[in-house]
Each structure stands twice: as C-alpha cells, then as structure tokens.
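Treat the numbers as computed from the prediction; the structure is a model and nothing was measured. So that the names make sense, note that chain A is the first sequence line, chain B the second, and so on, each numbered from 1. Computed over heavy atoms, backbone and side chain alike; hydrogens, waters and symmetry mates excluded.
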2 protein chains.
Amino acid sequence: MVDKRLHILEIAEQLFAEKGFEGTSVRDIANTANVNLAMISYYFGSKEKLFNALIEWRASATHDVLNELMIDETLEPFEKMEKLVNLYVDRITTNSRFHCIMTTHLPTIQSEGIKNRMTDVKYHTMESIRKIITEGQKKGVFRKVDIELTVASIMGTIIHVTSSRPLYYRVYGIEQDNPEAYGKKMAPKLKAHLRQLLQAHLAV
Amino acid sequence: MVDKRLHILEIAEQLFAEKGFEGTSVRDIANTANVNLAMISYYFGSKEKLFNALIEWRASATHDVLNELMIDETLEPFEKMEKLVNLYVDRITTNSRFHCIMTTHLPTIQSEGIKNRMTDVKYHTMESIRKIITEGQKKGVFRKVDIELTVASIMGTIIHVTSSRPLYYRVYGIEQDNPEAYGKKMAPKLKAHLRQLLQAHLAV
DNA sequence: GTTTAATTTAAACAAATGTTTAAATTTGCA
DNA sequence: TGCAAATTTAAACATTTGTTTAAATTAAAC
C-alpha cells in the first residue's frame with residue numbers, strides 16, 4: 001500500500017519541521033501516523049533513510065516546476081525573474097514545512113550524504129537565478145550586481161518570513177494559526193515587496 | 001569560579017549551533033567542556049535552563065550595542081540605516097553560532113518561555129529598523145515601503161549567507177573552513193550588497 | 001587549625017531512544 | 001480453496017538520554 005508510505009512521509013515532514021530531526025522520535029511519527037512502530041523500519045529502513053526519502057520526494061517536485069519555467073524562451077528577464085520569485089513564494093509558503101526543514105535544519109544535519117543532497121537542491125535554484133540575471137545583463141536591462149547575494153536576498157526574505165512566524169504574529173498582532181493560513185496571508189505581500197525590491201535593485 | 005560557567009556556555013553554544021538543542025546531549029557538552037556531567041545541573045539546573053542562560057547572555061550584549069546606536073540623534077537616516085546594517089552583519093558573522101540558534105532553531109523550540117524570549121529579542125530589532133525607516137520617510141528621504149518585509153530582506157539576506165554555508169562553499173568553490181573565517185570573508189561583501197540594495201529600495 | 005560552605009566526583013536512576021525479532025495476520029495469485 | 005509473499009503486530013533489544021544522589025574534595029571564614 002503506497003498510500004501508507006506517503007502518509008508516513010507527510011506526518012514525518014510535519015513533525016521534523018515542528019521539532020527538528022533529532023527532536024522527533026520514530027515512535028512519535030508512528031503514533032501520529034497511526035502505524036505500527038516497526039512499519040517505519042519496514043518501509044524506509046531507518047530514521048535517517050526516512051529523512052532521505054522525504055527530501056527526494058519533495059525536492060524532485062520543485063525541481064520539475066523550476067525547469068519548466070527555465071526552458072521558456074519567450075519571457076523577458078524581468079518577467080522571468082518575477083515568475084521565478086512568485087513560484088518560490090508559492091512553493092515555500094504553501095509547502096512551508098518542507099522548506100523549513102531544507103533551510104533551518106541543513107546546518108544541523110549530521111549525515112554528509114543528506115547534507116550534500118540538500119545543497120544540490122539549493123545549488124540548482126542558485127544557478128537558475130544566476131542564468132536569469134546574466135541573461136538580463138547581456139540584454140542590457142539589468143545592471144551589475146552581486147549575483148550570489150541577490151539570490152541570498154530573494155531566498156532569505158521568503159525564508160525569514162516563513163521561519164520567523166512567531167515574530168510576525170506579534171508584529172501584525174494576529175493570533176497564532178496554522179502555517180498554511182499564514183502563508184496564504186503573506187504570499188501576496190511577499191510577491192509585491194520582492195517585485196519592487198528587485199525592480200529597484202536590478203533596473204539599469 | 002565564574003569562568004567555568006562561561007566556558008560551559010560557550011561550548012553549549014557551539015554544540016547547539018552545530019547539532020541543535022535536541023541533537024546535543026548534556027554528556028556531549030560536559031565532555032567537550034571537560035567538566036563533570038553533574039556540573040551542568042549544579043550550575044544551571046537543567047539543560048533547558050542552560051539554554052535560557054545562553055540566550056540571555058548573548059542577547060543582552062546585542063541589545064546594548066543596538067540601543068547605543070539608536071539614541072544617536074546626529075545621524076541622517078541613510079547613515080543610521082547603514083550603521084545598523086553593518087552592526088548586524090558584524091554581529092551575525094562574527095557570532096554566527098548564536099544567531100544560528102536564534103534563527104534556525106526558533107521554530108523547533110518546544111518551550112513557550114524560551115520561544116517568547118527569543119521573539120522579544122527579534123522584535124526589538126524589528127522596532128529599531130522601523131523607527132529608522134519612518135524617520136527617513138518623515139524627512140522625505142525614504143519612499144513608502146513595506147517596513148516588515150524590508151526588515152525581512154535585511155535580516156534574511158544576512159542569515160541566508162551565514163546559515164547556508166555549505167551552499168556558498170560550493171558556489172564560491174572554496175573548501176570548508178570554520179564559521180569565523182567564512183564570516184570574515186563574507187562580511188564586506190554583505191555590507192556592500194545591502195548598502196546598494198537598500199539605497200535602491202529606499203531612496204525617493 | 002577547625003569548621004562550615006562550596007565545589008567536584010563517580011555511580012546510579014528511570015525513562016526514552018532507534019532498531020530488530022519472530023510470530024500473527026492479511027493479501028494476491030495459482 | 002490453497003499457498004506463498006507481503007504486511008502488520010507486540011515484545012524485546014541494547015544504548016542513550018536528562019537528572020539525581022551521596023560521598024569526596026577543595027576553598028573560605030573564623
């Protein structure tokens with residue numbers, strides 16, 4: 001039953017995002033997912049391999065969507081950049097649990113294999129944005145900027161908003177709700193802010 | 001011997017940053033710090049109270065430096081903003097371990113008390129930047145922007161660079177070194193990038 | 001120097017951890 | 001239906017976890 005495997009992955013994602021890899025026990029996952037403890041070893045082999053499976057499952061999806069955008073030759077640099085930013089805002093806000101794991105837990109991952117795989121995924125994003133910026137510079141619509149740090153500003157802004165939820169709850173005076181509702185509220189604001197920021201930053 | 005207390009705090013900070021709160025055992029801290037296991041309970045009471053002491057110890061220092069800048073009435077908005085950004089770049093890059101804990105581990109902290117205290121510290125920064133921006137808008141040198149998300153871009157950029165070290169190692173093709181050397185290398189780049197970014201973003 | 005308090009130690013505690021086992025149950029197919 | 005493979009279960013495994021204990025050592029005060 002492949003559904004059960006997926007269900008375990010979803011529950012694991014939620015718990016890893018909330019409490020971290022080390023902070024989440026296999027029993028915790030099994031109980032929350034309503035499966036027997038041994039099923040996790042049965043399906044995935046170990047807790048670490050379960051984490052690996054989670055990364056692969058989610059990362060491949062983002063990878064495909066990003067590639068689809070990148071091969072589009074009809075878009076002008078500013079359009080392409082805006083579409084990419086909107087894509088990431090949507091993916092990170094609607095899928096905040098996974099991206100929380102990808103960003104906040106990367107430094108603490110002990111396994112070098114997992115760490116490298118997570119870095120691969122981020123590197124691919126970095127290269128896509130670099131391609132758009134250099135293309136725009138060639139066409140003379142973007143000015144000279146530090147590309148790596150421009151990527152840091154884009155990703156950093158989105159991630160800061162999603163990972164500092166307790167802060168923004170207080171800033172906006174809203175009571176705590178689930179990440180999905182928060183993401184829905186913040187996504188349009190983020191898109192507008194980043195569009196304006198990048199327009200000012202990149203326009204010649 | 002107050003030195004030993006401080007030594008334990010420094011070691012704990014290093015290990016928490018590397019492996020997270022849950023990923024670090026009290027024995028790990030004791031062994032690395034070369035103190036007896038029971039000394040941690042003796043000095044701090046518990047692992048959680050040790051974490052609390054760590055937050056208080058580091059946060060108060062940043063708080064004081066920030067306040068000193070904020071009361072300076074002689075600075076123009078752009079100067080003040082640049083000084084604040086430089087201050088945070090320096091603090092976060094030279095003190096990356098603590099800020100790694102503050103940002104990447106905030107979402108996974110289970111204790112509400114610690115979570116609130118960490119949010120307090122961030123809120124104070126948010127309010128300081130807000131003050132500078134509204135002041136600049138009153139004086140007519142800053143345009144209308146989303147203040148909260150501008151803060152997100154500033155802090156997010158710095159934090160992304162410090163917390164995605166494995167990514168930037170690969171991007172810049174440098175072999176892994178310690179966080180301090182990396183911070184020293186990135187700090188000037190970060191300051192220049194953020195100055196240019198904020199100039200473009202904020203100038204009328 | 002004696003005594004009182006503060007520090008340090010090794011050992012033990014119960015609880016929680018990731019993983020494995022071997023038996024029981026269900027499923028799919030001949 | 002019969003049977004082999006896949007799934008599910010409860011129990012146990014050995015470690016590791018945070019914390020406590022009570023004795024030993026050191027430091028400070030009189």
Side-chain angles (χ1 to χ4, degrees), chain A residues 1-57 101 105-106 108-115 117-118, chain B residues 1-57 101 105-106 108-115 117-118:
Chain A
M1 215 161 282
V2 70
D3 296 330
K4 188 169 268 184
R5 239 188 83 103
L6 266 179
H7 180 58
I8 292 173
L9 280 178
E10 280 167 356
I11 296 294
E13 178 182 55
Q14 175 195 325
L15 294 176
F16 285 154
E18 280 171 18
K19 320 202 282 180
F21 180 75
E22 304 286 352
T24 305
S25 71
V26 181
R27 278 170 183 78
D28 204 355
I29 298 171
N31 291 337
T32 312
N34 269 315
V35 300
N36 187 278
L37 173 65
M39 292 306 291
I40 282 153
S41 290
Y42 179 74
Y43 275 128
F44 301 97
S46 69
K47 186 187 177 185
E48 183 164 311
K49 282 177 186 164
L50 163 65
F51 189 86
N52 250 321
L54 173 58
I55 302 294
E56 286 311 317
W57 173 46
I101 295 170
H105 298 324
L106 174 58
T108 67
I109 296 295
Q110 301 294 299
S111 152
E112 282 302 314
I114 296 183
K115 211 176 204 164
R117 186 67 189 89
M118 290 169 82
Chain B
M1 216 164 278
V2 70
D3 295 332
K4 187 170 271 186
R5 238 188 83 103
L6 265 180
H7 180 59
I8 293 173
L9 280 177
E10 280 167 356
I11 296 294
E13 177 182 55
Q14 175 195 324
L15 294 176
F16 285 154
E18 281 171 17
K19 320 202 281 178
F21 179 75
E22 304 286 352
T24 306
S25 71
V26 180
R27 277 171 184 78
D28 205 355
I29 299 170
N31 291 338
T32 312
N34 268 317
V35 299
N36 187 276
L37 173 65
M39 293 305 291
I40 282 152
S41 290
Y42 179 74
Y43 274 129
F44 300 96
S46 70
K47 186 187 177 186
E48 182 164 312
K49 281 177 185 165
L50 163 66
F51 189 86
N52 249 320
L54 172 58
I55 301 294
E56 285 311 317
W57 173 46
I101 295 170
H105 299 324
L106 174 57
T108 66
I109 295 295
Q110 300 294 301
S111 151
E112 282 302 316
I114 296 183
K115 210 175 205 166
R117 185 68 189 88
M118 291 168 84

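- Rounded to whole angstrom, the span from the NZ atom of A/Lys19 across to the P atom of C/dA16 amounts to 12 Å.
- For the pair B/Asn52 and B/Phe44, the minimum side-chain heavy-atom distance is 4.5 Å or more.
- C/dG18 atom P lies 12 Å from atom CG of A/Asn31, rounded to whole Å.
- Among the heavy atoms of the strands, none lies under 4.0 Å from A/Ile40.
- For D/dT19, neither phosphate oxygen OP1 nor OP2 lies less than 4.0 angstrom from any side-chain nitrogen or oxygen of B/Tyr42.
- Listed pair A/Asn36 / D/dT7 fails the phosphate criterion, with no side-chain N or O lying under 4.0 Å from OP1 or OP2.
- The main-chain N or O of B/Phe21 is found under 3.5 Å from a side-chain atom of B/Lys47 such that the two form a donor-acceptor pair.
- Each salt bridge (Lys or Arg N to Asp or Glu O under 4.0 Å) pair with one or both residues in residues 31-41 of chain B, not counting sequence neighbours, would appear here, but there are none.
- Taken residue by residue, residues 46-55 of chain A places no heavy atom nearer than 4.0 Å to DNA chain D.
- Distance, B/Leu37 CG to D/dT17 P: 11 Å, rounded to whole Å.
- Atom CG of B/Asn34 and atom C1' of C/dT9 are 14 Å apart (whole Å).
- Checking C/dT19, C/dT8, D/dT20 against every side-chain atom of B/Lys4, the shortest atom distance belongs to C/dT8.
- Regarding A/Ile29, its CD1 atom lies at a distance of 14 Å from the C1' atom of C/dT19, rounded to whole Å.
- Evaluation of the side-chain hydrogen bond (donor to acceptor under 3.5 Å, both in side chains) rule for A/Glu10 yields no partner, not counting sequence neighbours.
- Residues passing the side-chain hydrogen bond (donor to acceptor under 3.5 Å, both in side chains) test with A/Arg27, sequence neighbours excluded: none.
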Identify each donor-acceptor pair in which a side-chain atom of residues 32-42 of chain A lies under 3.5 Å from a protein atom, sequence neighbours left out, and give them as a table.
from	atom 1	to	atom 2	distance (Å)
A/Thr32	OG1	A/Asp28	O	2.7
A/Asn36	OD1	A/Ala38	N	2.9

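- Checked against side chain to side chain contact (heavy atoms under 4.5 Å, CB included), B/Glu13 has the following partners two or more places apart in sequence or in another chain: B/Leu54, B/Arg58, B/Asn95, B/Arg97, B/Phe98, B/Ile101.
- As a whole-Å value, the separation of A/Phe44 CZ from C/dT20 C1' is 18 Å.
- The 5' end of DNA chain D is approached more closely, in terms of each residue's nearest nucleotide, by A/Met39 than by the other of B/Gly45 and A/Met39.
- A/Ser25 comes within contact range of the sugar-phosphate backbone alone, with a heavy-atom separation under 4.0 Å but no base atom that close.
- If A/Arg27 and B/Ala38 are placed on DNA chain C by their nearest nucleotide, the residue sitting closer to the 5' end is B/Ala38.
- Whole-Å rounding puts the B/Asp3 CG to C/dT8 P distance at 11 Å.
- One interatomic measurement links the two molecules: NE2 of A/His7 to C1' of D/dT7, which rounds to 16 Å at whole-angstrom precision.
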